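Remember, predicted model here, so these are calculated numbers, not experimental data. For the single chain, residues carry numbers from 1 onward in sequence order.
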Amino acid sequence: MAEHSDSGAANPSGADHSGAGASTVLHDPGDKGLRIGSIGLLGNVIIGLAAVAPAYSLAATLGFVVDSVGEKAPSMFVLAFLPMLLVAFAYRELSTDTPDCGTTFTWATKAFGPWIGWIGGWGVAVSAIIVLANVSEISALYLFQFLGLDALADSLLARVLLGSSFIITMTWISIRGIVISERMQMILMFIQFAVLIVASVIALVKVGLDRAGPQAIDPEWSWLWPGGLDQSQIAAAVILCIFIYWGWDACLAVNEETRDPEKTPGRAALLTCLILVATYVLVTYAIQSFAGFGDTGIGLGNDANDEDVLTILGEPVAGAVMVSALLLTVCVSALSSTQSTILPTARGSLSMAVYKALPEKFASIHPRYMTPAFGTAVMGGAALTFYLVLSLVSQDTLADSIASLGLAVAFYYGITAFACVWYFRSTLLTSARNFFFRGLFPLVGGLAMTAAFVRSAYDMISPDYGATSIGGIGGVFVMGVGMLVLGIPLMLACFAYNSEFFRGKTLTADTEVKVPDVY
């Protein structure tokens, strides 16, 4: 293994598993001490879908997408899916070559060097911290509503206390191990998709039988084509849709714990994207057809429905039972995302620590659960702190933070796509397959992410964008760009602590990373 002469000959992994309670620090990137081969293709897809939290994402975002592009919302899901699919090809190729749980950090470092690699890893962490604060809040809000505790749902203190307990609980579950996490996610995911599909089918059937009410309209194929929209409308909708799709790459971050790590994670990523686009188009068609675009009642033109156009359809579609089912589904969706978002980010910090881009403590592996316990705890703690600070400052600030998430996601997805092209540049003309899957497709995906980032950042500067502004600049822009820029002083602090990674001594383009066979 290149550049890793400090690993012991008697124990290549550098691991010391002695002691019941002591943590172990690993130095061999091919064996970080994780539970190798513990999940298969289905479990990998489940983790990717859970991180996306489709029910929560639709409930929180669909109304604003409709506000931006009207009846063309389904076309935005298809349009945003295309660069996601192209970026997923980049993830698949890179994961096949280097199945490392550091994902963007590791691949960007091998392609562009340590500084871009580190900031790419920071983009992944920023995305997770922002979304964890929001999904914990949503979990608490919808659980109170499901239980009929409207007074508690309206209480900031009650939501914060319950939301904080969710972050703490899911952090603890993540520490306990990848297998228990996968099994819990499978149950939660089945509930989500069952309710979404059943509600959508019932809604479309009622529309088809003319039993949906006077507000309903017939679905049209033209909804899948973005004709008549300007660049700002498309950019605003696409950046929202990037958030709706974000999270599928979680299945790549557990590649070292997956059976057949050179193939399974890439396949899981593609399957996850395909499942998501099919689900989103189905649900959007059902909601638009059933609710219509009127400005009263359940109509999508009613501003009162912007924050949740999903659960308001419960009673009109299938009575009080469906209302409860949808409320519970959104709660479960957000809750599962809380846990599945912690998993990949903690493993990213593990990889960064193994290569000495973070303090070695982040490479600590729990001797019993075989998980990056310290990194997981730090991730949960950072999300909890961010959530508490924003909640106490302003609920509008918390809402703007989720609107800024698309910037961080487009940032590190773009870096990953470009890393694929540059890393494989010498092989692009060796076959048609390599040209398309390692070159053209990732390049187009990276350019699309860059365009979405630049255009959205430009629009977000306006003080009218979002609910807050700071010094005449939109709070969404300050939050999104500010969190990314915060990575620069943190990166310099890591350089001052240990410069080996930044001097190219621990991870280079020639460093091989091969996961051991299943134990």
Please report the interatomic distance [atom1]([X]) to [atom2]([Y]), rounded to the nearest 0.5 Å.
X    : Y    : atom1 : atom2 : result
L204 : L209 : CG    : CG    : 11.0 Å
R438 : L94  : CZ    : CG    : 9.0 Å
L326 : L58  : CG    : CG    : 11.0 Å
L484 : W122 : CG    : CH2   : 9.0 Å
F386 : L132 : CZ    : CG    : 10.0 Å
F81  : L274 : CZ    : CG    : 4.5 Å

* **Derivation of the side chain to side chain contact (heavy atoms under 4.5 Å, CB included) call for I217 and Q288** => CA-CA 8 Å; I217 58 177; Q288 289 190 176; 5.6 Å; no

* Asked: Using 4.0 Å as the upper bound for N to carboxylate O, is an ion pair formed by E220 and K72?
  -> no

Find out whether [X] and [Y] are in side-chain contact, i.e. whether some heavy atom of one side chain is under 4.5 Å from a heavy atom of the other.
X    : Y    : value
V69  : P226 : no
R92  : L270 : yes
T103 : T416 : no
V478 : M460 : no
L328 : Y142 : no
Y245 : V277 : yes
V135 : Y56  : yes

* **Verdict with supporting geometry, I234 and R455, side chain to side chain contact (heavy atoms under 4.5 Å, CB included)** => CA-CA 10 Å; I234 293 175; R455 181 68 201 201; over 6 Å; no

Does a sphere of radius 6.0 Å around [atom1] in [X] hold more than 12 heavy atoms from other residues, nucleotides or ligands, not counting ones at 6.0 Å or beyond?
X    : atom1 : value
Y458 : OH    : no
R433 : CZ    : yes
D230 : CG    : yes

Under 30°, 30 to 60°, or over 60°: which ring-plane class applies to [X] and [Y], parallel, tilted or perpendicular?
X    : Y    : value
F437 : F89  : perpendicular
W107 : Y91  : perpendicular
F77  : Y280 : tilted

* Option from L384, I138, L143 for which side chain to side chain contact (heavy atoms under 4.5 Å, CB included) with F166 holds -> L143

* To do: Evaluate side chain to side chain contact (heavy atoms under 4.5 Å, CB included) for Y387 paired with N134, printing each intermediate quantity in order.
  => CA-CA 7 Å; Y387 173 46; N134 284 273; over 6 Å; no

* Asked: Which heavy-atom pair separates P219 from V207 by the least distance, and what is that distance?
  -> CD-CG1, 4.2 Å

* Structure fact -> In short, ring-ring contact (aromatic ring centres under 6.0 Å, His included) pairs touching residues 213-234 with sequence neighbours left out are W223-Y285

* Do side-chain atoms of S155 reach the backbone of L152 as a donor and acceptor pair under 3.5 angstrom? -> no

* Can you find a side-chain donor-acceptor pair between Q192 and S333 that sits under 3.5 Å? -> yes

* To do: Quick one: do S324 and F146 satisfy side chain to side chain contact (heavy atoms under 4.5 Å, CB included)? Show the steps, please.
  => CA-CA 6 Å; S324 297; F146 169 73; 3.9 Å; yes

